[in-house]
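So the structure is just underneath, and the comments pick up after that.
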Amino acid sequence: PEAARRCVHSRTMPWHARLQLDYTARRSAVPADGSSAALPALSTARTPARTVAHFRHDGPLRILQSLYPEGESICHNVMVHPPSGLVGGDVLDIDVRVGAGAHGLVTTPGATRFYRSEGELALQTTRLTLAEGARLEWLPLEAIAYDSCLAENRLNVTLAPGAEMMGWDITALGLPGADKPFLQGRFQQHIELPGVWLERGRIEGADSHLMDGPHGLAGHRCCASLFFLTGTPLARERRAELLEAAQQTAQEHAQARTAGATSPDAQVVVLRVLSPMVEPAVDLLRTVWSRWRQLAWQLPADAPRIWST
């Protein structure tokens, strides 16, 4: 609500919020005495196990109740940031760790908002660390760069052998539908799988060649990417199947002219899209995410419930 946004803007003291989210796979076992117990999963094989989430926080970051709409092996969580946005000087520090054999899915109920800054940087840093055989779906809603913000959004991924993740990054520049353009300010993006893949971008609102030129964003105000990352190089057939699915889906989508998929490394498949606003880009990303889920992990395309509320 507008009153809440005014409250965020009026804050004079920045804050540093931290969240650590840990996923652990636990399998049921029956000891010799016949009693039941829950033991850590020792194998990286994809065997049925209950994925359990634990979190610690400092500041206005929370994880809502764990949900199991697909059964006990996949734990869905919603990450909530009550103030709903960052101003200059604010820092969000997110650390997600997925244990061997566990499978977590993290999303958010709304956008992350980077508001106008008086000169200090607003920073969000996310670290995703997956152990052997772990899986993670990192699916936050978009980050919105408001006019005159000074913001940086960093994502660092570390994958052990056999670990796999799907994630996306969606950036909205201003609110064109509300006649609130991104005219000034700076938004920086950093996505990295160390030693394998690095993407860095810097968008200046006042750079008309970048914002509106044919070799830049060409007037689009949403840039998004969906990526499939692995700790072990993909087999040639599997890599080709994932890439072809993304390319075919993009070619059939309304954003076909500004979307494309590539595989710059045997551990990376990535889809990128530009769109005039968020909704068309999200529609394409969700469609490809659904297809990848079925192809790579033989899982149904069940969207998190929070997306439909």
Would the distance check show the side chain of [X] and the main-chain N or O of [Y] forming a donor-acceptor pair, the cut-off being under 3.5 Å?
X	Y	value
S275	V278	no
T51	S73	yes
S117	V87	no

Treat each ILVMFWY residue as a node, draw an edge where side-chain heavy atoms are under 4.5 Å apart, and state whether [X] and [Y] are in one component.
X	Y	result
L193	V96	yes
F227	L159	yes
L243	V270	no
F55	V80	no

Counting only heavy atoms not in E252, do more than 12 sit closer than 6.0 Å to its CD atom?
yes

A quick test of your reading: do over 12 heavy atoms of other residues, nucleotides or ligands sit less than 6.0 Å from CD of E244?
no

What I want to find out is whether [X] reaches [Y] closely enough, with some N-O distance under 4.0 Å, to be called a salt bridge.
X	Y	value
R26	E72	no
R154	E152	yes
D207	R186	no
D302	R293	no

For salt bridge (Lys or Arg N to Asp or Glu O under 4.0 Å), just list the numbers for E241 and R239, CA-CA rounded to whole Å, side-chain angles, deciding distance to a tenth of an Å, and then say yes or no.
CA-CA 5 Å; E241 188 177 39; R239 181 183 182 187; over 6 Å; no

Test log, rule salt bridge (Lys or Arg N to Asp or Glu O under 4.0 Å), inputs E137 and R135
CA-CA 7 Å; E137 297 171 80; R135 290 176 179 172; over 6 Å; no

Assess the side chains of [X] and [Y]: does a donor N or O sit below 3.5 Å from an acceptor N or O?
X	Y	answer
H57	R62	yes
H76	E70	yes
N77	S66	yes
R97	Y23	no
H16	D58	no
H190	E192	yes

Beyond-backbone contact of [X] with [Y], side-chain heavy atoms, under 4.5 angstrom:
X	Y	value
W197	D265	no
D283	E279	no
H103	L136	no
L229	E164	no
L21	D95	no
F228	R238	yes
T129	V98	no

Clusters formed by hydrophobic residues whose side-chain heavy atoms approach within less than 4.5 Å: which one holds L274, and what are its other members?
L173, F182, I203, L210, M211, L217

Could you report the tightest heavy-atom contact between [X] and [Y], atom names first, then the distance?
X	Y	value
L226	G167	CD1-O, 3.3 Å
S225	L285	O-CD2, 3.8 Å
L234	T230	CD2-CG2, 3.7 Å

Option passing side-chain contact (heavy atoms from CB on, under 4.5 Å) with N153 (candidates I191, L92, L86, D169)
D169

When you look at R127 and T158, which way does the side chain to side chain donor-acceptor pair (under 3.5 Å) test go after all the steps?
CA-CA 8 Å; R127 291 175 298 277; T158 301; over 6 Å; no

Given the side-chain rings of W168 and W292, with only the six-membered ring counted for Trp, is the space between their centroids under 6.0 Å?
no

